[in-house]
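One structure is given below, encoded as structure tokens.
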Amino acid sequence: MKSNKRCFITGCDENTEWQLKWFLENYIKHNDTPIVFADFGVSEEMRAWIYQVSEFADIINLPKQGTGGWFYKPAALLASPCIETCWLDTDIQVLGDLSGVFDYVEDNKLGMVEDRPWSKRRGEKWHNSGVVAIRGKPAMLHKWANECRGKPKVGDQEVLHGIVNLTPLLRMTHITDLPNIYNWLRIQVIDGEDSSKKLAMHWTGQKGKDQIRKMMYNG
């Protein structure tokens with residue numbers, strides 16, 4: 001990369017690579033901040049496409065760790081070539097310029113949006129890992145990555161929650177809240193929460209993937 005100051009990063013494996021072109025088209029429509037791709041184990045066909053497109057400022061090949069795709073996320077953030085980095089899941093529909101997210105990043109903390117539906121349903125505060133913004137390489141990011149290299153269960157979000165939810169102070173120390181507009185969740189809309197100002201619509205779960213397919217095939 002020509003500049004190592006700031007970038008967004010995304011990544012996927014063979015199971016979710018079908019979303020990547022759709023994601024990238026939406027991203028470049030609204031953003032000019034460099035975006036980096038992290039290879040979690042895509043197909044040979046997809047890898048060839050990734051290397052031939054000009055939109056990716058850099059490509060990161062991560063060492064295989066024997067876990068599912070989403071568990072590579074913290075490792076991808078650690079491998080970022082930039083001082084400030086923001087991770088984006090490929091099931092996020094980018095609706096606007098996301099660069100303002102870096103205004104909320106704090107040293108040695110993970111910037112994340114509260115997972116309001118999960119907090120509501122589980123009676124404790126959760127953060128959604130679809131968008132994660134950092135400056136440098138926070139200590140919690142290293143711990144999260146180490147836990148994801150072991151024998152994690154469910155998903156990367158649950159792994160992080162298990163670490164920071166030991167005490168409210170621990171969560172406050174290591175996570176800073178980002179504005180909801182940077183990661184608006186599908187379940188929020190179902191719950192009657194929506195905003196015309198949202199910049200990223202996160203189509204979570206299988207029903208979300210079905211919606212992405214509809215958008216892809218219907219133009």
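Heads up: numbering here begins at 1 and tracks the sequence.
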Parallel under 30°, tilted from 30 to 60°, perpendicular over 60°: which one fits the rings of H161 and W126?
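If you compare the ring of H161 with that of W126, the planes turn out parallel.
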Could you check whether the rings of W87 and F40 sit parallel, tilted or perpendicular, using 30° and 60° as the cut-offs?
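Judged by the thresholds at 30° and 60°, the geometry between W87 and F40 is parallel.
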Salt-bridge test for [X] and [Y]: reply yes if a basic N is under 4.0 Å from a carboxylate O, no otherwise.
X    : Y    : result
D177 : K109 : no
D191 : R186 : no
E193 : R116 : yes

Under the side-chain contact (heavy atoms from CB on, under 4.5 Å) test against P74, which residue among V159, L160, L141 passes?
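Considering V159, L160, L141, a side-chain contact (heavy atoms from CB on, under 4.5 Å) with P74 is found only for L141.
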Going by atom types alone, do S99 and D97 pair a side-chain donor with an acceptor below 3.5 Å?
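Yes, side-chain donor-acceptor contact under 3.5 Å.
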Find the distance between [atom1] ([X]) and [atom2] ([Y]) and round it off to the nearest 0.5 Å.
X    : Y    : atom1 : atom2 : value
R135 : K5   : CZ    : NZ    : 8.0 Å
L77  : K137 : CG    : NZ    : 8.0 Å
I35  : L88  : CD1   : CG    : 6.0 Å
Q188 : N128 : CD    : CG    : 9.0 Å
R6   : E84  : CZ    : CD    : 4.5 Å
L20  : I50  : CG    : CD1   : 5.5 Å

Under 3.5 Å donor-acceptor, [X] side chain and [Y] backbone:
X    : Y    : result
R47  : V42  : yes
N180 : N183 : yes
D13  : N15  : yes
K73  : S129 : yes

Side chain to side chain contact (heavy atoms under 4.5 Å, CB included) assessment of V36 paired with S80:
CA-CA 8 Å; V36 173; S80 169; 5.9 Å; no
Do [X] and [Y] have side chains that approach each other closer than 4.5 Å (heavy atoms only, starting at C-beta)?
X    : Y    : result
C12  : Q19  : no
H127 : R171 : yes
F23  : T16  : no
M140 : V164 : yes
H174 : P138 : no
K209 : W203 : no
M201 : I92  : no

Heavy atoms only: give me the nearest [X]-[Y] pair and the separation to one decimal.
X    : Y    : value
I163 : W144 : CD1-CA, 4.0 Å
E124 : N165 : OE1-ND2, 3.1 Å
P117 : L185 : CD-CD1, 3.8 Å
H202 : D91  : NE2-OD1, 2.9 Å
L178 : G111 : CD1-O, 3.2 Å
V105 : A133 : CG2-CB, 3.6 Å

Flag yes if more than 12 heavy atoms outside E45 fall under 6.0 Å of its CD atom; otherwise flag no.
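Result for CD/E45: open.
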D32 atom CG: more than 12 heavy-atom contacts under 6.0 Å
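No, CG of D32 has 12 or fewer neighbouring heavy atoms, counting only those of other groups under 6.0 Å.
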Are L95 and K198 close enough, and set up right, to give a side chain to side chain contact (heavy atoms under 4.5 Å, CB included), and what steps lead you there?
CA-CA 7 Å; L95 301 170; K198 62 182 180 290; 3.9 Å; yes
side-chain hydrogen bond (donor to acceptor under 3.5 Å, both in side chains) between T176 and E106, worked out
CA-CA 7 Å; T176 188; E106 298 183 52; 2.6 Å; yes
Is there a path of hydrophobic side-chain contacts, each under 4.5 Å between heavy atoms, that joins [X] and [Y]?
X    : Y    : answer
I212 : I28  : yes
M216 : M46  : yes
L169 : I175 : no
V189 : W118 : no
Y51  : Y27  : yes

Would you sort out whether R122 and D115 count as a salt bridge (charged side-chain N to carboxylate O under 4.0 Å, His left out), showing the intermediate values?
CA-CA 11 Å; R122 301 200 174 189; D115 194 318; over 6 Å; no
Ring centres under 6.0 angstrom apart (F8, F102)
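Between F102 and F8, which both carry aromatic rings, the centre distance is below 6.0 Å.
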Measure from NZ or CZ of K21 to the centre of the six-membered ring of W49, then state whether that distance is under 6.0 Å and the direction lies within 45° of the axis.
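The answer is yes; both the distance and angle limits are met.
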